[in-house]
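One structure below.
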There are 2 protein chains.
Amino acid sequence: MTSREESAETLRRAGHRVTSAKLLVMEALRHAGDHLSATSVIYQVRRDAPHVSESTVYRTLGALRDSRLISETTFGHGEVAYEWLEKRPHHHLVCSQCGVVYELSDEVVIGFAKQLSDTHGFDADLQHLAVPGICLDCSRGSEVAGK
Amino acid sequence: MTSREESAETLRRAGHRVTSAKLLVMEALRHAGDHLSATSVIYQVRRDAPHVSESTVYRTLGALRDSRLISETTFGHGEVAYEWLEKRPHHHLVCSQCGVVYELSDEVVIGFAKQLSDTHGFDADLQHLAVPGICLDCSRGSEVAGK
DNA sequence: CCCTCAGATGCAACAACTTGCAAGAGCGAG
DNA sequence: CTCGCTCTTGCAAGTTGTTGCATCTGAGGG
Ligand SMILES: [Mn+2]
Ligand SMILES: [Mn+2]
Ligand SMILES: [Zn+2]
Ligand SMILES: [Zn+2]
């Protein structure tokens, strides 16, 4: 099955109609295999189909996010980032000083969610966190500089 | 000391100049004692000083956030929320279904940050989280409805 | 095939910020 | 008190994302 056919099938299962705009957005994200801004998705979609409007892309990104096919995340800087969710669940650590973005496995976050469930009966929905802070390199660097 | 004088002193300590625009923004947030949108801050500031421009309020909110005098948080819905940080540190649980916002004490979150520090050497900066999920009432309700 | 109609789209207006630039105003030095 | 430097501010334009509405189209039923 081609990637496009897989996307079409995925759309149907999620209760969407199969349209070329949605397929193009999905293919852009699947092919990138990385975080993309809405602007960048718009650019890629329009390379193949210049008539597609910006609002359709924004609406499609929102719909795919609601169907949990993609993540939508705000890193501290720049635009909102979208990512195809086929890899294992993961999160990110974002250094506020140097800007580096690390990947974080799900385990620690699952533990946090369990705490919230146990202590507050709240079923947290943590799909793709971006945790701000200071990375190891930067905290070492400032120690040295501080001396 | 009046609240205004306290605010002025706080500004000086944070290395800002004491201006009426900054004082008005601070007083609006301190007096509200709750989360306010930028639009709402603008409205309140302009009741006293109609000449203050929107961009000044936005810039002031950004500056106060950078100085850690206020928190800036995105709840899942509506505008970004600002809050004066004088209460003890706290976070929130936001139900994606019914919209209710609970307050969450710092303890569980401190544990999470410690995990990140221990396992990744990352010094997380979690000032005022908004954790999305499903509240106890809503998960009970859907169980019942599901039968 | 053809109809129907709810969901999808394009377009333009709107909303929520953000930024470049020139003018204004704290505040420390003298 | 005055001067000067630097931080602040107002204004207008720009960016990013949202929404109302008329039109269009995918997909199931006949
Ligand atoms: Mn990711
Ligand atoms: Mn709060
Ligand atoms: Zn760093
Ligand atoms: Zn709820």
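Chain identifiers are assigned alphabetically (A, B, ...) following the order of the sequence lines, protein sequences preceding nucleic acid strands; residue numbering begins at 1 within each chain. None of the values given here were measured: they were computed from a predicted structure. No hydrogens, no waters, no symmetry mates; every other heavy atom, side chains included, goes into these values.
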- Between D:dT9 and B:Thr19, is there an OP1 or OP2 to side-chain N/O distance shorter than 4.0 Å? yes
- Heavy-atom pair of closest approach, residues A:Leu23 and A:Ala8: CD2-N, 3.7 Å
- Query: Over how many whole Å does the gap from B:Arg12 atom CZ to D:dC7 atom P extend?
  - Reply: 18 Å
- Message: Measuring from the side chain of A:Arg17 (C-beta onward, heavy atoms only), which nucleotide among D:dT25, D:dT9, C:dT9 has the closest atom?
- Response: D:dT25
- Starting at atom CD of B:Glu9, determine the distance to atom C1' of C:dG26, rounded to an integer number of angstrom. 15 Å
- Query: Looking only at heavy atoms, which two atoms of A:Glu103 and A:His92 are closest? And how far apart?
  - Reply: CA-ND1, 3.8 Å
- Can you label the angle between the A:His128 ring and the A:His90 ring as parallel, tilted or perpendicular, going by 30° and 60°? perpendicular
- Hey, is A:Asp123 close enough to A:Lys114 for a salt bridge, meaning N to O under 4.0 Å? no
- Task: Give the nucleotide from the list C:dT9, C:dC27, D:dT16 with an atom nearest to the side chain of A:Glu79.
- Result: D:dT16
- Message: Please tell me if A:His16 has a side-chain N or O lying less than 4.0 Å from either OP1 or OP2 of C:dA8.
- Response: yes
- Query: Quick one: are A:Gln44 and A:Leu36 in side-chain contact, heavy atoms under 4.5 Å?
  - Reply: yes
- Task: Decide yes or no for A:Leu11 and A:Leu64: does some side-chain heavy atom of the first lie under 4.5 Å from some side-chain heavy atom of the second?
- Result: yes
- Task: Enumerate the residues from residues 24-47 of chain A whose closest heavy atom to DNA chain C is under 4.0 Å, giving them by residue number; use none for an empty result.
- Result: none
- Query: How close do A:Ser7 and A:Glu27 get, heavy atom to heavy atom, and via which atoms?
  - Reply: OG-OE2, 2.6 Å
- Test item: B:His35 and B:Phe75 side chains (from C-beta on) under 4.5 Å apart, heavy atoms: yes
- Residues of residues 50-78 of chain A with a heavy atom under 4.0 Å from any atom of DNA chain C, listed by number, are A:His51, A:Val52, A:Ser53, A:Ser55, A:Thr56, A:Arg59, A:Thr60
